[in-house]
Amino acid sequence: QVQLVESGGGSVQAGASLRLSCAASGRGFSNYIMAWFRQAPGKEREFVAHINRGGGTNHADSVKGRFIISRDIPKNTLYLQMNDLKSEDTAVYYCAAEQISYKAADYYTAETYHWWGQGTQVTVSS
């Protein structure tokens, strides 16, 4: 079992940077596939990035080159560095974790993940 707590959201101008953090409690942090999703008002939750057990990462095309997912295993913390923010990045950002192994393609969908944080709001004004 793992509990996830996000932090680092806020209101910024377009072009600014933010770093989100997700603190995980419980054991075996490195055994989880970790991900960031986001949900804008009136839209479905969408994949942003994930990092697998070996440290390999994947990012959505919409954030590739601007956002970077990473983790600090000794600190049990997942990060999302967000650069060159745009108004379309405005959303609630969620941290997610899953321990069971699935097909690689499954990790792009929210339904795959069992554990979720409460979310942190990111608002970007142009």
Query - For Ala40 against Ala91, the heavy-atom pair lying closest together - result: N-CB, 3.8 Å
Query raised in the report: Would Tyr107 and Ile69 show up in the same hydrophobic cluster when neighbours are defined by side-chain heavy atoms closer than 4.5 Å?
Result: no
Report task. Give the minimum heavy-atom separation between Gln13 and Ser126, together with the two atoms involved. Result -> OE1-O, 4.3 Å
Query raised in the report: Is Ile73 linked to Met34 within one hydrophobic cluster, defined over Ile, Leu, Val, Met, Phe, Trp and Tyr using a side-chain heavy-atom separation of less than 4.5 Å?
Result: yes
**Report entry** Spacing of Lys43 atom NZ and Arg38 atom CZ [to the nearest 0.5 Å]
**Finding:** 8.5 Å
Requested in this report: Examine His59 together with Phe47 and report whether their ring centres are nearer than 6.0 Å.
Outcome: no
Query raised in the report: Under 3.5 Å, side chain of Gln99 to main-chain N/O of Tyr32, donor-acceptor pair present?
Result: no
Query raised in the report: Checking ring pair (Phe, Tyr, Trp, His ring centres under 6.0 Å) against His50, which of Trp36, Tyr113, Tyr108 comes through?
Result: Tyr108
**Report entry** Spacing of OG belonging to Ser21 relative to CG belonging to Leu4, to within rounding of 0.5 Å
**Finding:** 12.5 Å
Report task. Please report the closest heavy-atom contact between Met82 and Leu85, naming both atoms and the distance. Result -> CB-CD2, 3.9 Å
Query raised in the report: For Asn76, which residues count as a side-chain hydrogen bond (donor to acceptor under 3.5 Å, both in side chains) partner, sequence neighbours excluded?
Result: none
Query - Geometric cation-pi criterion, Arg71 with Tyr79: 6.0 Å, 45° - result: no
Requested in this report: Ignoring hydrogens and angles, tell me if any N or O in the side chain of Gln81 forms a donor-acceptor pair with the backbone of Phe67 under 3.5 Å.
Outcome: no
Query raised in the report: Are the side chains of Ile33 and Ile51 in touch, meaning some heavy atoms are under 4.5 Å apart?
Result: no
Report summary line: The reported gap from CG in Asp89 to CG in Asn83 (rounded to nearest 0.5 angstrom) is 10.5 Å
Query - Closest approach of Phe29 to Ala24 (non-hydrogen atoms, all atoms of both residues) - result: CD1-CB, 3.6 Å
Query - Close side-chain approach of Ile68 and Leu80, heavy atoms under 4.5 Å - result: no
Query raised in the report: Nearest heavy-atom pair of Val2 and Ser25: which atoms, and what distance?
Result: CG2-O, 3.0 Å
**Report entry** Worked check of side-chain contact (heavy atoms from CB on, under 4.5 Å) between Glu6 and Leu20
**Finding:** CA-CA 7 Å; Glu6 301 97 333; Leu20 305 183; over 6 Å; no
Requested in this report: Please report the C-alpha distance between Tyr93 and Gln121 in whole Å, then the side-chain angles of each, then the deciding distance to 0.1 Å, and finally whether the side-chain contact (heavy atoms from CB on, under 4.5 Å) criterion is met.
Outcome: CA-CA 6 Å; Tyr93 284 71; Gln121 177 71 46; over 6 Å; no
Query raised in the report: Could you give the distance from OG1 (Thr109) to CZ (Arg45), rounded to the nearest 0.5 Å?
Result: 12.5 Å
Requested in this report: Give a yes or no on whether Val122 and Val48 share a hydrophobic cluster (residues Ile, Leu, Val, Met, Phe, Trp, Tyr; joining criterion: side-chain heavy atoms under 4.5 Å apart).
Outcome: yes
Report summary line: Value for CG (Asp106) from OG1 (Thr112), rounded to nearest 0.5 Å, stands at 4.5 Å
**Report entry** Candidate list Thr123, Thr90, Val124, test side chain to side chain contact (heavy atoms under 4.5 Å, CB included), partner Ser11, passing option
**Finding:** Thr123
Query raised in the report: Hey, are Asp61 and Lys64 close enough for a salt bridge, meaning a charged N less than 4.0 Å from a carboxylate O?
Result: yes
Report task. Kindly say whether Asn31 contributes a backbone atom to a donor-acceptor pair with the side chain of Arg53 at under 3.5 angstrom? Result -> yes
Query raised in the report: Once you round to the nearest 0.5 Å, how far does OG of Ser70 lie from CG of Leu78?
Result: 7.0 Å
